[in-house]
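In what follows, a structure is listed as structure tokens, so that the remarks can point back to it.
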Number of protein chains: 2
Amino acid sequence: MYLPFRKYIDEYSGDTMTDDEFALVKAAFTPKKIRKKQYLLQEGDVCKHLSFIIKGAMRQYTVDEKGNEHIVRFGIENWWMADRESFEFSTPTIYYIDALEDTELLQVSLANLTELKQTFPGMNKLTLALDKRGHIAAQKRITAAISLTAEEKYQNLFKIHPIFFQRFPQAMIASYLGISPETLSRIRKNSILK
Amino acid sequence: MYLPFRKYIDEYSGDTMTDDEFALVKAAFTPKKIRKKQYLLQEGDVCKHLSFIIKGAMRQYTVDEKGNEHIVRFGIENWWMADRESFEFSTPTIYYIDALEDTELLQVSLANLTELKQTFPGMNKLTLALDKRGHIAAQKRITAAISLTAEEKYQNLFKIHPIFFQRFPQAMIASYLGISPETLSRIRKNSILK
DNA sequence: TTTTATGCTTGATAAATATCAAGTGTATTT
DNA sequence: AAATACACTTGATATTTATCAAGCATAAAA
């Protein structure tokens, strides 16, 4: 179970860790399983853990006054899930996170992560790289959101994350794109890409 | 000119730097002035510098096939401007950055920044804090873009960055929000907030 | 196997927003 | 002072997208 995780860390920290270092990592993380539809986080909670997805899929979303869900992020194998703001600053979150499939996680608390970063520099490099990538990805998504039509948003997502379309219900993808499920259905009917 | 910059670094690194450290910082940065409407970056360029705004205002935007501009970011005093992706990976940018007012900058190259981070840990802390904040801000903007109506987007921006409305032409704010200038004008007419 | 839920599609209509075009006031330039 | 550009507004209309409602196929549950 930990093997792909070890590989993942090596890849993103740009280094090969020793067995001793990996022992530190293992000690800092706790495995957790959650079933499909279960919540990992609910509005008002403080996000206590950063979770690495070993297997499964999750989504992070808000619920507006009308009760509509707006999916902000999906997560699959080798992605991290957390509300960064709530996790870093211990403030109540406005998001929900739940499982779209039965999911296995490795979780680390802020305290353990902070300590791990000090004892194992690779972990520091990893979180740096993640922040950088996250920031760049977020910037791209903003650009898409303000400058593309519904159809272009669809095509863009299809290009960037085709896996989403194999893995998630179309209505959720519509929510992620900020368009209605009916509109996405009609766009797909007229689009070459499917 | 460097004084507010020194204060800014102390604030975000969470530490007070020594005069020696500040000498290192000063050596790494180069002052630059650019006039209103001049480009700092154009599509296809590699973004060679991270620029700190001492005085003035800038915008970062894309231009689509129809020639329409979409503003992705504004920058004012004490904000940083750069295309992170192009800067970090030396890839050609898809963005333009230009000055909305005569602007004074302090610029640092990737090489100098990397070295500075090593010789002065405070700079490392600063960039970390910036990434974290940037990431969180980007996440919020995505949430707003996919879940709010045009009017709600306006009210949200008015709450978060009221200064934008005093400083930038309304048409540019509309572009930033991803709505047409006419729509923003009509929204403001019917809104209490102004 | 019947029932129930889920995921998706389709049509009709409504609402939101963009586009086009003109006009006004104000600042800037000549 | 006249001319030009800029920023914004307003109206009319077109387009995009959402909403409402129904239907169909498939999967899951009873």
Side-chain angles (χ1 to χ4, degrees), chain A residues 35-38 57 59 61-71 74 98-102 144-158 163-194, chain B residues 35-38 57 59 61-71 74 98-102 144-158 163-194:
Chain A
R35 290 210 177 277
K36 185 171 175 174
K37 294 194 179 177
Q38 268 193 329
R59 61 175 178 157
Y61 60 99
T62 57
V63 178
D64 67 25
E65 331 76 52
K66 287 176 212 138
N68 295 321
E69 299 172 353
H70 303 278
I71 298 178
F74 287 114
D98 65 17
L100 300 176
E101 308 168 2
D102 292 355
I146 65 167
S147 65
L148 302 184
T149 64
E151 170 144 23
E152 291 167 335
K153 283 176 194 169
Y154 160 68
Q155 285 165 352
N156 181 247
L157 183 62
F158 196 93
I163 188 75
F164 285 4
F165 291 86
Q166 289 159 37
R167 200 128 176 209
F168 306 128
Q170 200 167 295
M172 287 195 187
I173 292 175
S175 167
Y176 180 86
L177 291 173
I179 64 181
S180 72
E182 294 92 339
T183 295
L184 180 55
S185 172
R186 286 185 251 260
I187 284 171
R188 278 169 66 85
K189 192 172 66 165
N190 299 323
S191 174
I192 314 119
L193 308 169
K194 252 157 218 162
Chain B
R35 290 212 178 276
K36 183 171 176 174
K37 294 195 179 174
Q38 268 193 327
R59 62 176 178 156
Y61 60 99
T62 58
V63 178
D64 66 25
E65 331 77 52
K66 287 175 211 138
N68 295 320
E69 298 173 352
H70 303 279
I71 297 177
F74 286 115
D98 64 18
L100 300 176
E101 307 168 2
D102 291 355
I146 65 169
S147 65
L148 302 184
T149 63
E151 169 144 21
E152 289 167 337
K153 284 175 194 168
Y154 160 67
Q155 284 165 352
N156 181 247
L157 183 62
F158 196 94
I163 189 73
F164 285 5
F165 292 86
Q166 289 159 37
R167 200 124 177 213
F168 307 129
Q170 201 167 294
M172 289 196 187
I173 292 175
S175 167
Y176 180 86
L177 291 173
I179 64 181
S180 73
E182 294 93 337
T183 295
L184 180 55
S185 173
R186 286 185 250 262
I187 284 170
R188 278 170 66 86
K189 192 172 66 165
N190 299 323
S191 174
I192 313 120
L193 308 168
K194 254 157 220 165

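To find a chain, count down the sequence lines: A is the first, B the second, and so on, and within it residues start at 1. The basis for the numbers below is simple: all heavy atoms, side chains too, and nothing from hydrogens, waters or symmetry mates.
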Determine the contact category for A/K36: base if any of its heavy atoms lies under 4.0 Å from a base atom, sugar-phosphate if only primed atoms, P, OP1 or OP2 are that close, otherwise nothing.
-> nothing
Measure the shortest side-chain to side-chain distance between A/R59 and A/E69 over non-hydrogen atoms and say whether it is less than 4.5 angstrom.
-> yes
Taking the six-membered ring for Trp, are the ring centroids of A/Y176 and A/F164 within less than 6.0 Å of each other?
-> yes
Aromatic ring centroids of B/Y154 and B/F165 under 6.0 Å?
-> yes
Separation of atom [atom1] in [X] from atom [atom2] in [N], rounded to whole Å:
X: A/L184; N: C/dG7; atom1: CG; atom2: P; answer: 14 Å
X: B/K153; N: C/dA16; atom1: NZ; atom2: P; answer: 14 Å
X: A/E152; N: D/dT15; atom1: CD; atom2: P; answer: 17 Å
X: B/F168; N: D/dA7; atom1: CZ; atom2: P; answer: 13 Å
X: A/L177; N: D/dT16; atom1: CG; atom2: P; answer: 18 Å
X: A/H70; N: D/dA18; atom1: NE2; atom2: P; answer: 11 Å
X: B/M172; N: D/dC6; atom1: CE; atom2: C1'; answer: 11 Å
X: B/E69; N: D/dA7; atom1: CD; atom2: P; answer: 12 Å

I want to verify a distance call: between [options], whose nearest atom is closest to the [X] side chain?
X: B/Q170; options: C/dT6, D/dC8, D/dT19; value: D/dC8
X: B/R186; options: C/dT17, D/dC8, D/dA12; value: D/dA12
X: B/T183; options: D/dA18, D/dC6, C/dA18; value: C/dA18

Can a side chain N or O of B/K37 be found less than 4.0 Å away from OP1 or OP2 on D/dC6?
-> yes
Is the phosphate of D/dT10, meaning OP1 or OP2, less than 4.0 Å from a side-chain N or O of B/K189?
-> yes
Flag the pair B/D102 and B/R35 as a salt bridge only when some basic side-chain nitrogen lies within less than 4.0 angstrom of an acidic carboxylate oxygen.
-> yes
Got a donor-acceptor pair under 3.5 Å from the side chain of A/R188 to the base of C/dT10?
-> no
Polar pair under 3.5 Å, donor/acceptor by atom type, side chain B/E182, base C/dC20 | yes
Knowing that exactly one of A/E152, A/E151, A/K153 qualifies, which makes a side-chain hydrogen bond (donor to acceptor under 3.5 Å, both in side chains) with A/Q155?
-> A/E151
